[in-house]
Peer 1: 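Pasting a structure below so you can have a look.
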Amino acid sequence: MGTGLTVVKCGGTAEVRAEAVCAGVARLVREKRPVVLVHGGSATVTELAGRLGVPLGELVAPDGTVSRRTDPATLEVVTLALAGKAKPALLLELARFGVPAVGLTGLDAGLLRARRKTALRTVVDGRTVVVRDDRSGRLTSVATPLLHALLAEGMVPVLSPPALAEDGLPVNVNADRVAAAVAAALDASRLVLLTGAPGVLADSADPGSLRARYQVGDGRDPAVGGGMTVKITAAREALEAGVGDVRIADGRFTDTVADALDGLG
Amino acid sequence: MGTGLTVVKCGGTAEVRAEAVCAGVARLVREKRPVVLVHGGSATVTELAGRLGVPLGELVAPDGTVSRRTDPATLEVVTLALAGKAKPALLLELARFGVPAVGLTGLDAGLLRARRKTALRTVVDGRTVVVRDDRSGRLTSVATPLLHALLAEGMVPVLSPPALAEDGLPVNVNADRVAAAVAAALDASRLVLLTGAPGVLADSADPGSLRARYQVGDGRDPAVGGGMTVKITAAREALEAGVGDVRIADGRFTDTVADALDGLG
Amino acid sequence: MPTAETTVEACPECEGRVGVESEVRAGEIVECPECAAELEVVGVSPLMLALAPEADEDWGE
Amino acid sequence: MPTAETTVEACPECEGRVGVESEVRAGEIVECPECAAELEVVGVSPLMLALAPEADEDWGE
Ligand SMILES: [Zn+2]
Ligand SMILES: [Zn+2]
């Protein structure tokens, strides 16, 4: 059965239509369906880093996986961008739709705990090097009391990284996997991962290669790349945790967002 | 009688010791006394404005009152600084003390509503000029359901500006008066306004002129100036609303903070 | 009589004559010499006057 | 045999000889040619090797 709860993740790319997402959330709220909204904000991070003169780097793992280099200066920008800009913008948009929304990060009431990645490997000039000061982490737990209390009031938690690491300082975590972990922890009925691309792509450079039904297997799918790999991983984690309905949907259009949020059985 | 609730405002000046404030809050929490923490962050605003190259201006009212010019660029910096930097720093410090704290602004669940000051007067080169695009406002209401829900869970709301204006956009509001209004709305037993100065001063340039007991009268006291004027106003508002115990205390020292938060009858 | 550097416009409150210096700026508050109404310069070229908005209390942060 | 540009240090796992180029940087991962252990260059002058930390999965944002 499940709780009737929907967890929605809207991406950090500029393309995802915040207005469509908020309209969809508002509709669920009007129907008295509980919702948690999880968000990233990579476009805001990039913009703010530029204005603050903080260079953004990447880590290229030996297997080719590219991730954001989160040195302490970047973590500060990430926190400013998510908590101080992307989240207030979403709260304003939700307020316009009459949704009582509450902005949260993993630092609130122990919500998101993570293990800091204390030794990352990156390839520089063909050499593999260990990076020890990165402030990115892997989610280890979701504390549910605050989320339950807000949902009981009919409010919509609006949640983003950072999370709290064992050393008492923040770490960035992947927002898709936050959404999956929250859906699992709250026994959600549905997880919707909105992207700036049309559904699950086999080739992210070719939107025509959309696969209508993606079978979540037990290994990484080499035909799925880029940010979509993370979404597939997050989707698998949620499915394995018992979330019955996991959707990866195009967040760029009002109707695809509405479809993805609609018709919960 | 009252609710046993303490509302603490810690100032935005760099001098107020966040660690002492959080230690005091933690003690109240251990004693199962409910607490709301309200904060500003003017030092953080100034620092971030400098890094972003946003010039900070002032408005000088015809009566000589000086206030921050909050043009739209400054409001963005204020929101970034409060929600994205000062608040996460307080949440981390409270987490170190084991306090389950939840960061909020007036944009969460309609918490703080304000009337935007649509026509401010400022004196420029001896001429009085109307400023119409300022995004500062005067608090008009505090919504209590979210605060009650968090307090019922034993959590500490950590609240700051901005507030939501009638036009659906944020406005900056004075954090001391937010604290007073929250204390009034929640029927608090005590309001503690912490400053970067020793108690209520008659002359802010002369800490020796401390008056141990300040009688709140019915007019503005010409002997009290600067940021202290606002604190006196806020204190008066809280007293008039029935908050029995209002203190303006030195936030720079662990013991004065502890004293101010201690011994609720 | 207004000097050469002064423009005259009718007071929107009493229709009295209000003289305004040529270097006046938009948004500036002037007082009507006849009815003492506070007037805002809402346009400078041509000069336009309107009743000034109520002074809004402000306390700073 | 190591060339002139190579420094040799004992492998902390098998005590075998590990040759490292002189332009090696701190943090770099090298492999022991004898036991295939992954070793981290924890110091360059003098050269110091330690067992490399486990590779930490990373998924980016
Ligand atoms: Zn007149
Ligand atoms: Zn070896």
Side-chain angles (χ1 to χ4, degrees), chain A residues 41 44 48 50-54 73 75-111 113 143 145-158 160 162 164-165 167-170, chain B residues 41 44 48 50-54 73 75-111 113 143 145-158 160 162 164-165 167-170:
Chain A
T44 313
L48 204 56
R51 288 166 64 193
L52 287 166
V54 173
L75 178 72
E76 187 202 22
V77 173
V78 166
T79 308
L80 281 167
L82 297 187
K85 188 150 187 186
K87 196 184 308 295
L90 279 171
L91 294 173
L92 284 180
E93 190 69 26
L94 288 166
R96 287 209 316 131
F97 284 102
V99 173
V102 179
L104 302 169
T105 75
L107 308 183
D108 290 296
L111 242 175
R113 302 273 182 180
L146 174 56
L147 298 173
H148 281 305
L150 297 175
L151 292 170
E153 295 288 321
M155 294 172 178
V156 175
V158 178
S160 75
L164 188 61
D167 61 3
L169 295 172
Chain B
T44 312
L48 205 57
R51 288 167 62 193
L52 287 167
V54 173
L75 178 72
E76 188 202 21
V77 173
V78 167
T79 306
L80 281 168
L82 298 187
K85 188 150 187 187
K87 195 184 309 295
L90 279 171
L91 293 173
L92 283 181
E93 190 70 25
L94 288 166
R96 287 210 317 131
F97 284 102
V99 173
V102 180
L104 302 168
T105 74
L107 307 182
D108 290 297
L111 243 175
R113 302 272 181 181
L146 174 56
L147 299 173
H148 281 305
L150 297 175
L151 293 170
E153 295 288 321
M155 294 172 178
V156 175
V158 178
S160 74
L164 189 61
D167 61 4
L169 296 172

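Below, each value reflects all heavy atoms present in this structure, side chains not excepted, and no hydrogens, waters or symmetry copies. All chains are named by letter (A, B, ...) in the order of the sequence lines, taking the proteins before the strands, and each is independently numbered beginning at 1.
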Peer 1: For A:Leu94, which atoms come within 4.5 Å of any heavy atom of chain B: side chain, backbone, both, or neither?
Peer 2: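 For A:Leu94, there is no contact with chain B at all, as no heavy atom is under 4.5 Å.
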Peer 1: Answer with side chain, backbone, both or neither: which region of B:Leu164 has an atom nearer than 4.5 Å to a non-hydrogen atom of chain A?
Peer 2: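 When you check distances to chain A, only side chain atoms of B:Leu164 fall under 4.5 Å.
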Peer 1: May I ask you to test the B:Leu104-A:Asp108 pair for a side-chain heavy-atom distance under 4.5 Å?
Peer 2: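 Heavy-atom side-chain distance check fails, nothing below 4.5 Å.
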Peer 1: Non-hydrogen atoms of chain A under 4.5 Å away: do they reach the side chain of B:Arg51, the backbone, both or neither?
Peer 2: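 Answer is both: backbone and side chain atoms of B:Arg51 are under 4.5 Å from chain A.
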Peer 1: Against chain A, work out which of B:Leu52, B:Leu48, B:Thr79 has the most heavy-atom pairs shorter than 4.5 Å and name it.
Peer 2: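 Heavy-atom pair counts peak at B:Leu52.
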Peer 1: Report the option among B:Ala143, B:Pro162, B:Ala101 that has the most heavy-atom pairs separated by less than 4.5 Å from atoms of chain A.
Peer 2: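 Option with the top pair count is B:Ala101.
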Peer 1: Can you name the closest pair of heavy atoms from A:Gly84 and B:Ala83 and give their distance?
Peer 2: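 Scanning both residues, the minimum pair turns out to be CA-CB, 4.1 Å.
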Peer 1: Compare every heavy atom of B:Leu107 with every heavy atom of A:Leu91, then report the nearest pair and how far apart it is.
Peer 2: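 Smallest heavy-atom distance, with atoms named: CB-O, 4.2 Å.
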Peer 1: Measure the shortest side-chain to side-chain distance between B:Val102 and A:Leu111 over non-hydrogen atoms and say whether it is less than 4.5 angstrom.
Peer 2: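 No; the side chains remain at least 4.5 Å from each other.
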